[in-house]
Protein chains: 2
Amino acid sequence: MGKPQLDQVDRLLLGTLSTDADVSNKTLAARLGLAESTCAYRVRALREAGIITGTRAQLDLALLGYPLQAIIMVRLGSHTMTNVNQLYDALVSAPGVIQAFHVAGADDFYLHVAVENAEALRDFVLQHVTSHRVVRQTETHLVFEVRGGAGVLAT
Amino acid sequence: MGKPQLDQVDRLLLGTLSTDADVSNKTLAARLGLAESTCAYRVRALREAGIITGTRAQLDLALLGYPLQAIIMVRLGSHTMTNVNQLYDALVSAPGVIQAFHVAGADDFYLHVAVENAEALRDFVLQHVTSHRVVRQTETHLVFEVRGGAGVLAT
DNA sequence: TGTGAAATATAACGCTA
DNA sequence: TAGCGTTATATTTCACA
């Protein structure tokens with residue numbers, strides 16, 4: 001499976017689906033001026049090529065009762081491979097974690113979390129982050145707002 | 001429209017759909033032991049309540065030709081409301097931006113970006129970030145890996 | 001690309017607890 | 001009020017021409 005060849009139509013399809021995967025094949029085809037069968041075929045091909053890895057429902061976290069978001073920067077004291085991987089596994093499975101970035105630099109992980117309130121945020125850090133021995137330091141930054149970006153297909 | 005009352009079934013539905021929104025209503029109902037009509041009704045209700053805001057296709061950015069990801073921290077020199085908002089608007093519409101966080105603390109924005117290579121990353125910062133007068137400083141951190149977290153429904 | 005048959009989704013209905 | 005099962009209608013999916 002070599003590098004897939006993507007034309008402009010594929011990029012338009014991906015751009016649309018990455019914004020709204022609910023569009024029916026019918027309207028998707030009409031929007032791009034494709035035959036329905038062709039459109040369905042191309043979307044399926046993009047899935048089989050692994051370009052589209054899946055689709056996810058987006059949730060309103062505030063309405064769900066988690067109106068407070070934060071980025072928690074996590075710095076380790078020891079960087080053996082097992083330490084890093086075990087902590088990573090633990091962090092991504094902690095309840096409230098939306099995304100976990102393993103990064104280069106002074107910090108090792110950035111955690112994007114959503115919680116009920118400030119108290120829950122404090123408890124999260126204590127229970128799921130600093131409770132790990134290997135964690136040397138954390139820094140918690142309140143998130144005012146998150147916006148989805150234009151993505152890589154905006155050009 | 002007050003605060004919606006979510007029971008355990010709703011939380012299971014949301015947990016499933018936020019992981020894989022492609023499941024058919026039929027299998028979704030079977031998995032939770034609901035009648036198909038009930039299942040469809042509840043999902044629709046969650047949409048109408050605004051809990052489910054939409055669904056998005058997830059893309060494999062590396063396969064798409066953007067194998068390099070980074071977090072760019074952006075610090076402003078002036079924080080008037082118009083400055084902040086105008087920059088925010090510009091940043092989220094810059095090609096390659098996956099997400100933009102407006103945060104509290106020394107930095108103002110964290111940008112999660114995906115690019116073709118290191119050169120493109122440099123160009124992105126120069127063209128779409130530091131080119132704005134109001135930007136005083138940036139700090140770019142390479143992302144080794146991103147993982148989706150357990151989410152808020154993991155409990 | 002177009003077509004047609006099978007599968008599925010949607011929405012409305014009445015019935016029950 | 002919420003769940004269920006059943007309809008009829010619309011739509012999607014898939015294999016094939």
In whole Å, I'd like the distance from the [atom1] atom of [X] to the [atom2] atom of [N].
X: A:D22; N: D:dT12; atom1: CG; atom2: C1'; value: 14 Å
X: B:N25; N: D:dT11; atom1: CG; atom2: P; value: 17 Å
X: B:R47; N: C:dA11; atom1: CZ; atom2: P; value: 11 Å
X: A:E36; N: D:dC14; atom1: CD; atom2: P; value: 14 Å
X: A:L28; N: D:dT13; atom1: CG; atom2: P; value: 11 Å
X: A:Y41; N: C:dG2; atom1: OH; atom2: P; value: 16 Å

Inset, instruction - Select base, sugar-phosphate, or nothing to describe what A:L34 touches, counting heavy atoms under 4.0 Å on all strands. - result: nothing
Inset, instruction - Looking at every strand, decide which applies to A:A35 at a 4.0 Å heavy-atom threshold: base, sugar-phosphate, or nothing. - result: sugar-phosphate
Of the nucleotides [options], which has the atom closest to the [X] side chain?
X: A:S37; options: C:dA9, D:dT11, C:dT3; result: C:dT3
X: A:T38; options: D:dT13, D:dT11, C:dT1; result: C:dT1
X: A:K26; options: D:dT12, D:dC4, C:dA9; result: D:dT12
X: B:R44; options: C:dA9, C:dA11, D:dT12; result: C:dA11

Inset, instruction - Considering only NZ, NE, NH1 and NH2 on the basic side and carboxylate oxygens on the acidic side, decide whether A:R56 and B:D20 come within less than 4.0 Å. - result: no
Legend entry - Basic-acidic side-chain contact under 4.0 Å: B:D107, B:R136: no
Inset, instruction - Would you please classify the geometry between the B:Y110 ring and the B:F101 ring as parallel, tilted or perpendicular, with 30° and 60° separating the classes? - result: tilted
Inset, instruction - Would you check if there is a donor-acceptor pair between the side chains of B:N83 and B:S78 at a distance under 3.5 Å? - result: yes
